[in-house]
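What follows is a short report on a single structure.
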Amino acid sequence: MKIVYLGTPQFAVAPLERLLGMSGAEVIAAVTNLDKPVGRKQVLTPPPVKVLAQSRGIPVLQYKSIRKEGVSDIKRLAPDLMVTCAFGQILSKEILDIPRLGVFNIHGSLLPKYRGASPVQSAILNGEKVTGITIMKTDEGIDTGDILLTESVNIPEGATSGELFEILSALGADCIEKAVKLIAGGNYTLTPQDGAQATHTGIIKKEQAFTDFTESAEKLVNKVRAFNPSPIVYTLLNGLPLKIYKAEKAEGSGAPGEVLKAEGELIVACGAGAVRLLTVQKSGGKAMGAAEFLRGQRLVRGSLIGK
């Protein structure tokens, strides 16, 4: 079975690696987004899927818009099957119609819940205890295709999005192996999604990461987990950004942003309840534990942060 794999970030690497090791599955090309400038020095960096594909001698195709630039290439490759995983572009019907066995997507939620760009982060933001992987047959909508299979997994207590991405990437590898075997055998059924139960997620923007502590402690802790490793929740301290990498709920109450304790630990009041800030990073500094941070910072009980 000739397969063209479409994916971009680290999340898509483990499933590709699994396909590369499968008997009877031949990955004939990997399609990914363009290299991007990364970091303060804006070093042009290839996507993780490209790195893996090239290390295995798999041809790599990169497009700013596959709909405009890639149709002839995909037709020339004539794949039996296309597999997508966090590719980041919507495929046209013309492309979807090319592989004789269709296009199947590895999605990081239990569809129809959390369609769209940020299903993993959204599950944590909303305090979900269970999530999973869905393998669906791609159609022209956004994660609206019929479902081939799903596998669920418990979200570990306190897990960040980065940690959950790793768990789901490994699960995605297991799922796509099962799916390809089912597709190859032709003995499978597809289940339409219940659109009435669908929820949609968008691209997370940096401005969403700001907190002035007016949300509840529970919501803020979930937000800190969901936005780690990117874009990282931040607040303001003396008018400068203060990033919050890790936090937990704590006892206490007060005005939003009021410092309730600043000796040995940093506890801040929220709109409801309070949070203990565990790992923070001030502007121009490095990430550090709260106790270390407080040794170099004049903060006293009753101070206000977040403005």
Side-chain angles (χ1 to χ4, degrees), residues 1-13 15-16 19-20 25-38 44-54 58-109 111-112 114-122 133-148 169 172 175-176 179-180 183 190 192-193 195 198-205:
M1 179 190 296
K2 296 191 298 181
I3 300 173
V4 169
Y5 187 84
L6 298 85
T8 299
Q10 187 64 37
F11 178 71
V13 168
L16 172 57
L19 290 174
L20 290 171
E26 180 189 3
V27 180
I28 58 174
V31 183
T32 187
N33 285 333
L34 303 178
D35 296 5
K36 286 187 176 182
V38 174
L44 196 62
T45 304
V49 163
K50 177 181 179 180
V51 174
L52 174 60
Q54 289 185 326
I58 305 301
V60 175
L61 303 174
Q62 293 178 276
Y63 307 108
K64 182 177 181 180
S65 171
I66 190 173
R67 298 164 67 101
K68 296 178 180 178
E69 306 163 25
V71 176
S72 60
D73 288 338
I74 303 300
K75 285 182 176 178
R76 175 179 52 79
L77 288 166
D80 299 307
L81 176 71
M82 290 169 60
V83 174
T84 64
C85 181
F87 176 50
Q89 298 185 39
I90 297 174
L91 304 183
S92 63
K93 187 176 187 303
E94 188 176 11
I95 293 174
L96 294 173
D97 288 342
I98 293 172
R100 66 180 181 86
L101 296 173
V103 180
F104 285 80
N105 177 248
I106 305 166
H107 183 77
S109 82
L111 290 171
Y114 303 129
R115 293 173 175 172
S118 55
V120 176
Q121 298 93 327
S122 296
I133 290 290
T134 300
I135 306 295
M136 67 163 196
K137 188 169 185 180
T138 306
D139 60 18
E140 292 178 84
I142 298 176
D143 300 324
T144 56
D146 294 347
I147 294 171
L148 174 60
S169 181
C175 288
I176 197 58
V180 168
I183 295 164
L190 296 172
Q193 294 187 42
T199 55
H200 300 267
T201 69
I203 295 172
I204 292 175
K205 299 177 181 178

Fill in: Closest heavy-atom pair and its distance - P79, V4
CB-CG2, 3.7 Å
Worksheet entry | Point-to-point distance, once rounded to the nearest 0.5 Å, from CD1 of I203 to NZ of K205 | 7.5 Å
Worksheet entry | Side-chain heavy atoms of Y5 within contact of C85, under 4.5 Å | yes
Response to the item:
Of all heavy-atom pairs linking A12 and G7, the shortest is CB-CA, 4.1 Å
Discussion item. Any salt bridge linking R100 with D80? Criterion: basic side-chain nitrogen under 4.0 Å from a carboxylate oxygen.
Written reply: yes
Worksheet item: Judged by modelled atom types alone, do T144 and D139 share a side-chain donor-acceptor pair under 3.5 Å?
Response: yes
Worksheet item: Do the non-hydrogen side-chain atoms of Q89 and R67 ever get within less than 4.5 Å of each other?
Response: no
Practice prompt. Say whether, by atom type as modelled, one donor and one acceptor occur between the side chain of Q193 and the main chain of D146 under 3.5 angstrom.
Written response: no
Worksheet item: Checking side chain to side chain contact (heavy atoms under 4.5 Å, CB included) for the pair L77/L61: CA distance, chi angles, key distance, verdict?
Response: CA-CA 11 Å; L77 288 166; L61 303 174; 3.9 Å; yes
Practice prompt. Identify the residue among L52, I176, I3 that makes a side-chain contact (heavy atoms from CB on, under 4.5 Å) with L16.
Written response: L52
Worksheet item: Where do P99 and V103 come nearest, in terms of heavy atoms and distance?
Response: CG-CG2, 3.7 Å
Item to complete: Check whether any side-chain heavy atom of L91 sits under 4.5 Å from a side-chain heavy atom of L6, and report yes or no.
Response: yes
Discussion item. Given 3.5 Å as the limit, does a donor-acceptor pair link the side chain of T45 with the main chain of P37, or not?
Written reply: no
Discussion item. I need the single residue from T138, I133, D143, T84 that forms a side-chain contact (heavy atoms from CB on, under 4.5 Å) with H107. Which is it?
Written reply: D143
Discussion item. For a side chain to side chain contact (heavy atoms under 4.5 Å, CB included) check, start with the C-alpha distance between V31 and M82, then their side-chain angles and the critical distance, and finish with the verdict.
Written reply: CA-CA 10 Å; V31 183; M82 290 169 60; over 6 Å; no
Worksheet item: Distance from T32 atom OG1 to Y63 atom OH, nearest 0.5 Å?
Response: 11.5 Å
Practice prompt. Specify the closest pair of heavy atoms between D73 and E69, including all atoms of both residues, with the distance to one decimal.
Written response: OD2-O, 4.2 Å
Worksheet item: Hey, does the side chain of T201 reach the backbone of A117 with a donor-acceptor pair shorter than 3.5 angstrom?
Response: yes
Worksheet item: Is there side-chain contact between L190 and I147, with heavy atoms separated by less than 4.5 Å?
Response: no
Worksheet item: At what distance, to the nearest 0.5 angstrom, does CG of N33 lie from NZ of K64?
Response: 11.5 Å
Fill in: Closest non-hydrogen atom pair between G108 and V120, with its separation
O-CG2, 3.9 Å
Worksheet item: Are the side chain of T134 and the backbone N or O of S109 linked by a donor-acceptor pair below 3.5 Å?
Response: yes
Discussion item. Please check if the number of heavy atoms outside L44 that lie under 6.0 Å from its CG is greater than 12.
Written reply: yes
Worksheet item: Under 4.5 Å between any side-chain heavy atoms of L148 and I183, yes or no?
Response: yes
Worksheet entry | pair V49-T8: side-chain heavy atoms closer than 4.5 Å | no
Fill in: Euclidean distance, E26 CD relative to L20 CG, rounded to 0.5 Å
10.5 Å
Discussion item. When you compare the side chain of D35 with that of P46, does any pair of heavy atoms fall below 4.5 Å?
Written reply: yes
Response to the item:
Heavy-atom nearest pair, P9 first then A86, reads CD-O, 3.1 Å
Worksheet item: How long is the gap from CG on L96 to CD on E94, to the nearest 0.5 Å?
Response: 10.5 Å
